[in-house]
Student: 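The structure follows.
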Amino acid sequence: MAELLLKLCSAAAFLLAVLSFNSSFAAVEPKPFSRYISPRSLRLHKPEKLSHLHFYFHDIVAGENVTAVRVAKAPTTSNSRPFGAVAVIDDALTVSPDIGSKPVGRAQGIYALTSLTESSLLMAYNFAFMEGEYNGSTLTVMGRNPVFSTVREMPVIGGSGVFRFARGYVEAKTHTFDLKTGNAVVEYNVYVFHY
Ligand SMILES: *[C@@H]1O[C@H](CO)[C@@H](O)[C@H](O)[C@H]1NC(C)=O
Ligand SMILES: *[C@@H]1O[C@H](CO)[C@@H](O)[C@H](O)[C@H]1NC(C)=O
């Protein structure tokens, strides 16, 4: 009799364990991989805004406080033939051409010399803003930069924070270029649609 009771008890315990295992399984059931949602649920029903940002970009490749470093090159890369060189940047962005002026963010990313015949870069970088309502938001730029052209246009391909769903373009214009060091200050006008 006692033995039967024990068996019943262990069967019940087993059942309980299985049931609770099942219910914990149900709790981690995955959400659907994809579904349609309304733009309103991400507050995208409001009209898009068009913003214009203006600042100066400081590309310091030599001297004190370097912010652009060459990390790779091809065996054929040289000063007279820079094709194949790759640099990583964390360049300051300021409100005026003076590097000591108010900072608004950093340009973080890479550029590579991708033309066999001219000084032209492929640039892929993020503007990481730290000013006012833009603090913590980013814009992603990827484009072609023939550095000796007066104005170079590159696409803004996206963004984060206040710049979610951003698209637009930048105009980069050299403010000063030091032929000896290669250091440059570049004026940026950025035009972006965002919500
Ligand atoms: C480099 O950075 C230091 C510290 O911020 C600053 O005092 C110095 O003036 C900078 N040098 C140049 C050439 O900008
Ligand atoms: C930007 O945000 C960071 C982190 O929230 C904060 O520490 C910093 O003071 C802010 N900067 C400005 C200029 O508002």
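Keep in mind the model is a prediction, meaning the values are calculated, not measured. Order of listing sets the numbers, starting from 1, for every ligand and every atom in it.
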Student: For Y191, does the OH atom sit with more than 12 other heavy atoms under 6.0 Å from it, leaving out its own atoms?
Tutor: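 More than 12 heavy atoms, drawn from other residues, nucleotides or ligands, come within 6.0 Å of this atom.
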Student: Taking only heavy atoms of N65, which atoms of ligand 1 are found under 4.0 Å from at least one of them?
Tutor: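 Matching atoms, with element in brackets: 1 (C), 2 (O), 3 (C), 8 (C), 10 (C), 11 (N), 12 (C), 14 (O).
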Student: Just jot down the salt bridge (charged side-chain N to carboxylate O under 4.0 Å, His left out) partners of R81, sequence neighbours excluded, or say none.
Tutor: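 Partners of R81 by the salt bridge (charged side-chain N to carboxylate O under 4.0 Å, His left out) criterion come out as none, since no residue qualifies.
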Student: May I have a table of the N/O to N/O pairs between ligand 2 and the protein that fall below 3.5 Å, each row giving the two atom names and the distance to 0.1 Å?
Tutor:
residue, atom, partner, partner atom, Å
ligand 2, 2 (O), N135, OD1, 3.4
ligand 2, 2 (O), N135, ND2, 2.3
ligand 2, 11 (N), N135, ND2, 2.9
ligand 2, 14 (O), N135, ND2, 3.2

Student: According to side chain to side chain contact (heavy atoms under 4.5 Å, CB included), who are the partners of V95, at least two apart in sequence or on a separate chain?
Tutor: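 Side chain to side chain contact (heavy atoms under 4.5 Å, CB included) list for V95, sorted by chain: S101, K102, V104.
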Student: Would you say D90 and Q108 are linked by a side-chain donor-acceptor pair, where the criterion is simply a distance under 3.5 Å?
Tutor: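 Yes, D90 and Q108 have a side-chain donor paired with an acceptor closer than 3.5 Å.
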Student: Sequence neighbours excluded, which residues qualify as side chain to side chain contact (heavy atoms under 4.5 Å, CB included) partners of A124?
Tutor: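 With neighbours one apart ignored, the set is I110, M142.
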Student: Between H58 and T94, do the side chains contain an N or O donor and an N or O acceptor separated by less than 3.5 Å?
Tutor: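 Indeed, the side chains of H58 and T94 share at least one donor-acceptor pair under 3.5 Å.
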